[in-house]
Amino acid sequence: MKKLLIAKPALFSFDECLWFLNRNYDDCLHHIEPGSLSKAICINGENIAFSLRDQDQHLVLDLTHGGEDVAQQEALVQYIIEWFDLERDITPFYQLLQKNKTLGYMANDFAGFRLIGIHDLYEALCWSIIGQQINLTFAYTLKRRLVEHYGDHLSVNGLSLHIFPRPEVLQHVSIAELRALQFSERKAEYLLLVSQLFAAGTISKQHLLQCASYEEQVALLTAIRGIGIWTANYALMKTLKQLQAIPYGDVGLLNALLNHELIKDKKDNAGIDKLFKRFKGWESYLVFYLWRSLSVVKRDL
DNA sequence: ATCCAGGGGTCAC
DNA sequence: GTGACCCATGGA
């Protein structure tokens with residue numbers, strides 16, 4: 001079995017990332033076991049499966065299905081690097097955290113936690129549309145139904161590793177079919193529209209990368225029906241790792257800020273602005289760490 | 001039973 | 001530009 005090594009940067013904890021990926025939810029797009037994860041993705045048209053584990057100064061990537069050629073292996077390594085944001089020096093963020101009386105504890109409690117991405121823009125947009133205005137448990141249920149009905153999968157070591165459906169497939173699904181899976185009429189409409197746009201090549205990650213500014217990227221996304229300011233920022237944060245992205249209006253973010261008594265109420269926009277101003281350039285990391293703090297509360301209850 | 005959930009569109013003003 | 005209203009459904 002082909003084995004690839006990926007060097008671990010400073011301020012990185014695989015366990016911390018792994019724990020977040022596993023949280024309390026049932027994510028169908030990866031399988032977690034203590035100390036390792038398994039996943040399947042499509043690279044250059046081929047479905048590949050791998051597992052990832054922590055070993056001393058490296059992450060060890062074991063290819064468990066496909067990926068024989070070197071170009072695919074390089075792409076896979078790059079995928080992991082982007083997924084866990086391994087090339088970023090996050091010490092400036094930690095310095096900002098440690099200066100903050102309320103949030104400083106995170107530098108210790110969540111040490112080495114990284115902004116975990118979603119490489120595929122289409123998947124990120126679909127996932128955020130699914131997650132709009134419903135609780136996360138149900139959102140993961142809906143995602144699983146979508147993936148199991150319309151996505152590929154690889155069977156490896158007794159595990160069924162699912163791959164997010166391609167837009168070319170989803171664009172031809174009917175609203176009635178999605179309604180039967182308990183998607184709301186609106187979510188079904190939005191998902192089909194986004195699928196059509198991606199299948200037709202009207203929108204892509206490449207289009208976003210060609211934008212001159214962050215504002216332009218937001219405008220490009222929010223021009224699409226079903227994608228508002230929250231969804232656009234979520235996708236830019238997860239897919240492009242645009243660190244100035246703040247998913248405004250996010251219920252989880254607001255609850256985390258309330259838990260830490262950093263805002264008076266959910267309409268305290270001034271309080272929010274004041275906090276994020278201190279984390280200029282690291283806004284997304286702050287959001288991600290605040291989301292991480294929600295899981296702590298949930299776990300401790 | 002009741003309120004809320006990692007929102008967004010629409011429409012009145 | 002702002003705010004009220006609707007959507008839909010499961011979780012707690």
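Every chain is numbered from 1, with letters handed out A, B, ... down the list of sequences.
- A heavy atom lying under 4.0 Å from DNA chain B marks the following residues of residues 262-274 of chain A, by number: A/K266.
- The distance from atom CG of A/L254 to atom P of B/dG7 is 9 Å, rounded to the nearest whole Å.
- Residue A/F183 is out of contact with every strand shown, counting any heavy-atom pair closer than 4.0 Å.
- Residues A/Y140 and A/W127 bring their aromatic ring centres within 6.0 Å.
- Of the listed nucleotides (C/dA8, B/dG8, C/dT9), C/dA8 has the atom at the smallest distance from the side chain of A/Q133.
- If you take CG of A/L178 and P of C/dC7, they are 20 Å apart, rounded to a whole angstrom.
- Between A/F113 and A/F288, the distance separating the two ring centers is shorter than 6.0 angstrom.
- Rounded to a whole Å, the OH atom of A/Y140 is 17 Å from the P atom of B/dA5.
- Take A/D26 and apply the side chain to side chain donor-acceptor pair (under 3.5 Å) test, not counting sequence neighbours, and it matches A/R144.
- When the side-chain nitrogen and oxygen atoms of A/T141 are compared with OP1 and OP2 of C/dG10, none of them lie within a distance under 4.0 Å.
- The side chain of A/N255 lies closest to B/dA5 when the candidates are B/dA5, C/dA8, B/dG8.
- Annotation: the span from A/I203 atom CD1 to A/L125 atom CG amounts to 7.5 Å, rounded to 0.5 Å.
- Looking at residues two or more places apart in sequence or on another chain, you find no salt bridge (Lys or Arg N to Asp or Glu O under 4.0 Å) involving A/K205.
- Rounded to the nearest 0.5 Å, atoms CG (A/N233) and OG (A/S284) are 7.5 Å apart.
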Atom pairs, N/O to N/O, protein against nucleotides 10-13 of chain B, distance under 3.5 Å?
{"residue": "B/dT10", "atom": "OP1", "partner": "A/R225", "partner atom": "NH1", "Å": "2.8"}

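- Between A/K238 and A/G226, the residue anchored closer to the 5' end of DNA chain B is A/K238, taking for each the nucleotide with the nearest heavy atom.
- Among the protein residues, A/I227 comes within range of the sugar-phosphate backbone only, with heavy atoms under 4.0 Å from sugar or phosphate atoms but none that close to a base.
- Counting to the nearest Å, the C1' atom of C/dC7 and the CD1 atom of A/I134 are 13 Å from each other.
- The interatomic distance linking A/D26 (CG) with C/dG10 (C1') rounds to 15 Å, in whole Å.
- For the atom pair A/D62 CG and A/R53 CZ, the distance stands at 4.5 Å (nearest 0.5 Å).
- Comparing atom distances between the A/T231 side chain and each of C/dA12, B/dG7, C/dA8 picks out B/dG7 as nearest.
- Judged as a salt bridge (Lys or Arg N to Asp or Glu O under 4.0 Å), and not counting sequence neighbours, the contacts of A/R186 are A/E189.
- Spacing between atom NZ of A/K187 and atom P of B/dG9 amounts to 12 Å, rounded to whole angstrom units.
- The interatomic distance linking A/R179 (CZ) with C/dT9 (C1') rounds to 9 Å, in whole Å.
- Taking atom CG of A/N135 as the reference point, atom P of B/dA5 lies 10 Å away to the nearest angstrom.
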Which side-chain N or O atoms in residues 163-175 of chain A pair as donor and acceptor under 3.5 Å with protein atoms at least two apart or in another chain?
{"residue": "A/H172", "atom": "ND1", "partner": "A/E168", "partner atom": "O", "Å": "3.2"}
{"residue": "A/S174", "atom": "OG", "partner": "A/E177", "partner atom": "N", "Å": "3.1"}
{"residue": "A/S174", "atom": "OG", "partner": "A/E177", "partner atom": "OE2", "Å": "3.4"}

